[in-house]
Amino acid sequence: MKIIRSGMVALCVGAFFSYGTTVIAGETEMSDAKAYKNITVSKLATELSQRRLIDIRTPAEWRQTGVVKGSVLLTAVGEDGRIVKDFAAKLAEIAGPADDVTLICRSGKRSAAVAQWLSEELGYKTVSSVEEGITGWIAEGKPVEQP
């Protein structure tokens with residue numbers, strides 16, 4: 001059931017954030033023309049104190065894996081696979097279009113889609129997505145804390 005839900009979330013997210021993306025068999029493939037940057041877990045670890053890291057996963061996901069210490073917790077896509085209605089407004093309270101924003105999710109797909117959307121549709125100038133997400137962070141032995 002978890003795999004089916006993950007696939008449905010990926011399809012819904014891909015459909016919502018279709019700006020510059022192609023959805024193929026439940027996976028979102030980003031086009032070459034990105035308005036944001038991908039960063040690695042290693043780069044995030046070395047620059048963490050200089051970055052505004054926003055964890056866009058759901059509360060259930062935060063509890064399941066823990067979160068990167070100091071990250072702002074702000075769900076972008078709900079468990080129903082739809083963008084959270086007030087996500088953009090809440091994000092604007094944390095960081096405006098001129099601020100540097102780094103997004104992290106479970107694997108990097110959602111954060112990449114949201115980063116593209118923020119860049120292209122909401123005018124955010126400096127947006128990054130953590131390529132490997134929290135799973136990559138944990139795989140590299142980086143610390144997490146409970147939300």
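Values reported hereafter were calculated over all heavy atoms of this structure, with side chains retained and with hydrogens, waters and symmetry mates removed.
- Here the side chains of E61 and C105 are not in contact, with every heavy-atom distance at 4.5 Å or above.
- A 4.5 Å side-chain heavy-atom check between V84 and D86 finds at least one atom pair inside the cut-off.
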Exercise for review: Please report the C-alpha distance between V68 and I104 in whole Å, then the side-chain angles of each, then the deciding distance to 0.1 Å, and finally whether the side-chain contact (heavy atoms from CB on, under 4.5 Å) criterion is met.
Suggested key: CA-CA 9 Å; V68 177; I104 191 168; 4.3 Å; yes

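- Side-chain atoms of R106 and T135 form no donor-acceptor pair, as typed in the model, at a separation below 3.5 Å.
- By the 6.0 Å contact criterion, NZ on K142 is enclosed, its count of non-hydrogen atoms from other residues, nucleotides or ligands being greater than 12.
- Linking Ile, Leu, Val, Met, Phe, Trp and Tyr residues whenever their side-chain heavy atoms come within less than 4.5 Å places I94 and Y36 in a single cluster.
- Distance CZ/R51 to OG/S71: 14.0 Å, rounded to 0.5 Å.
- Shown here for W117 and A88, the closest heavy-atom pair between the two residues is CH2-CB, 4.2 Å.
- Clustering ILVMFWY residues whenever any of their side-chain heavy atoms sit less than 4.5 angstrom apart, transitively, puts I56 in a cluster other than the one holding I134.
- By the 4.5 Å side-chain criterion applied to Ile, Leu, Val, Met, Phe, Trp and Tyr, V67 is assigned to a cluster that also includes W62, L73.
- Side chains of T65 and R57: a donor on one and an acceptor on the other come within 3.5 Å.
- Under the 4.5 Å side-chain criterion, counting only non-hydrogen atoms from C-beta, F87 is not in contact with T75.
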Could you pull out every donor-acceptor pair under 3.5 Å between side chains of residues 37-45 and any protein atom, sequence neighbours left out?
{"from": "T40", "atom 1": "OG1", "to": "K43", "atom 2": "N", "distance (Å)": "3.1"}
{"from": "S42", "atom 1": "OG", "to": "E140", "atom 2": "OE1", "distance (Å)": "3.3"}

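- Among all heavy-atom pairs drawn from S129 and A115, the shortest one is CB-CB, 4.3 Å.
- The CD atom of E132 sits 12.5 Å away from the CD1 atom of I138 when rounded to the nearest 0.5 Å.
- Side chains of Q116 and S119: no donor on one and acceptor on the other come within 3.5 Å.
- For the pair A95 and V101, the tightest heavy-atom approach, listed with the atom from each and the gap, is CB-CG2, 3.7 Å.
- Using a 4.5 Å heavy-atom threshold, the side chains of K69 and P143 count as separate.
- Between D99 and R52, some side-chain heavy-atom pair lies under the 4.5 Å cut-off.
- Under a hydrophobic-cluster definition in which Ile, Leu, Val, Met, Phe, Trp and Tyr are linked whenever side-chain heavy atoms come within less than 4.5 Å, directly or via other members, L53 and V72 are assigned to different clusters.
- Looking at I54 and L91, their side chains come closer than 4.5 Å, going by heavy atoms from C-beta outward.
- Side-chain contact between V130 and W137 is absent, with no heavy atoms from C-beta onward closer than 4.5 Å.
- If you chain together hydrophobic residues whose side chains sit under 4.5 Å apart, L103 and V144 never meet in one group.
- With sequence neighbours left out, the salt bridge (Lys or Arg N to Asp or Glu O under 4.0 Å) criterion links E131 to no other residue.
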